[in-house]
Amino acid sequence: MSDNPQIRDVLAYLEAREAELSEQAGQFRASIEDLTARLGELDAETENLRITRKTLLNIPAPELADDPPRPEAPDHPAYQQILAAFTDTGHPMRARDLCEALDLPILPKNTEGIRSKLKRLVTRGILTEPEPGLFAQLRT
């Protein structure tokens with residue numbers, strides 16, 4: 001080292017300034033690494049959103065039918081009469097009420113026959129049974 005005090009002071013200043021700048025550069029490098037990592041995360045999420053949008057746009061739209069297919073009622077005239085009675089009354093009925101609407105004598109065999117037909121129509125999805133023994137047309 002030099003014996004000149006002025007040069008010593010300048011060299012000490014240069015060392016202190018160099019240490020200070022090295023410390024600042026290290027802090028900036030750490031900040032850059034952190035920002036680079038965060039930028040990579042944002043880029044990855046942005047790419048995921050682009051892929052999701054592209055996938056959603058490529059999904060074909062479902063074909064909407066004008067009317068959903070309706071279950072077919074049996075061809076037997078008794079079923080046609082039962083459905084006509086429901087259409088005429090417009091409210092839920094029991095087997096006994098239906099016998100009256102169809103002008104059938106209120107006998108156990110008639111009531112049970114009608115109940116059996118009503119249950120068959122429920123099974124086919126033409127009628128519904130909102131509560132036991134009470135039958136109604138499906139709402140459309």
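Worth knowing before you read on, the calculation uses all heavy atoms, side chains too, and leaves out hydrogens, waters and symmetry mates.
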Subject >> Evaluation steps, side chain to side chain contact (heavy atoms under 4.5 Å, CB included), between I32 and R29 >> reply: CA-CA 5 Å; I32 288 171; R29 283 187 188 91; 5.5 Å; no

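Between the CD atom in E47 and the OG1 atom in T52 there is a gap of 9.5 Å [rounded to 0.5 Å]. How far OG1 of T87 is from CD1 of I82: 12.0 Å, rounded to the nearest 0.5 Å. Taken to the nearest 0.5 Å, the CZ atom of F28 stands 14.0 Å off from the CD atom of E33. Between the CG atom of D97 and the CG atom of L134 there is a distance of 8.5 Å, given to the nearest 0.5 Å. Atom OH of Y13 and atom CD of E20 lie 8.0 Å apart (nearest 0.5 Å). A distance of 7.5 Å separates CG in L49 from CZ in R53, rounded to the nearest 0.5 Å.
When all heavy atoms are compared, the tightest approach of F86 to F135 is CE2-O, 3.2 Å. The nearest pair of heavy atoms linking T128 to Q137 is CG2-O, 4.2 Å. Shortest non-hydrogen contact noted between N110 and P105 is ND2-O, 2.8 Å. K117 and A78 get closest at one heavy-atom pair: CE-CB, 3.7 Å. Across I106 and C99, no two heavy atoms sit closer than the pair CD1-CB, 3.7 Å.
A salt bridge does not link R50 to E45: none of the charged nitrogens lies less than 4.0 Å from a carboxylate oxygen.
Scanning for side-chain contact (heavy atoms from CB on, under 4.5 Å) contacts around Q6 gives N4, with sequence neighbours left out.
Under the 4.5 Å side-chain heavy-atom criterion for ILVMFWY residues, a single connected hydrophobic cluster contains both L102 and L83.
Side-chain atoms of E23 never come within 3.5 Å of backbone atoms of Q27 as a donor-acceptor pair (strictly under, hydrogens ignored). When atom types are taken as modelled, the side chain of E112 and the backbone of L107 share no donor-acceptor pair closer than 3.5 angstrom. Formation of a donor-acceptor pair under 3.5 Å by the R96 side chain with backbone atoms of T111 is not found in this model.
More than 12 heavy atoms of other residues, nucleotides or ligands shown are found within 6.0 angstrom of CD on Q24. The 12-atom threshold is not exceeded at CG of D75, counting heavy atoms of other residues, nucleotides or ligands nearer than 6.0 Å.
A heavy-atom distance below 4.5 Å is found between the side chains of R38 and L35.
A salt bridge (Lys or Arg N to Asp or Glu O under 4.0 Å) with R94 is found for one member of E129, E100, E131 and no other, namely E131.
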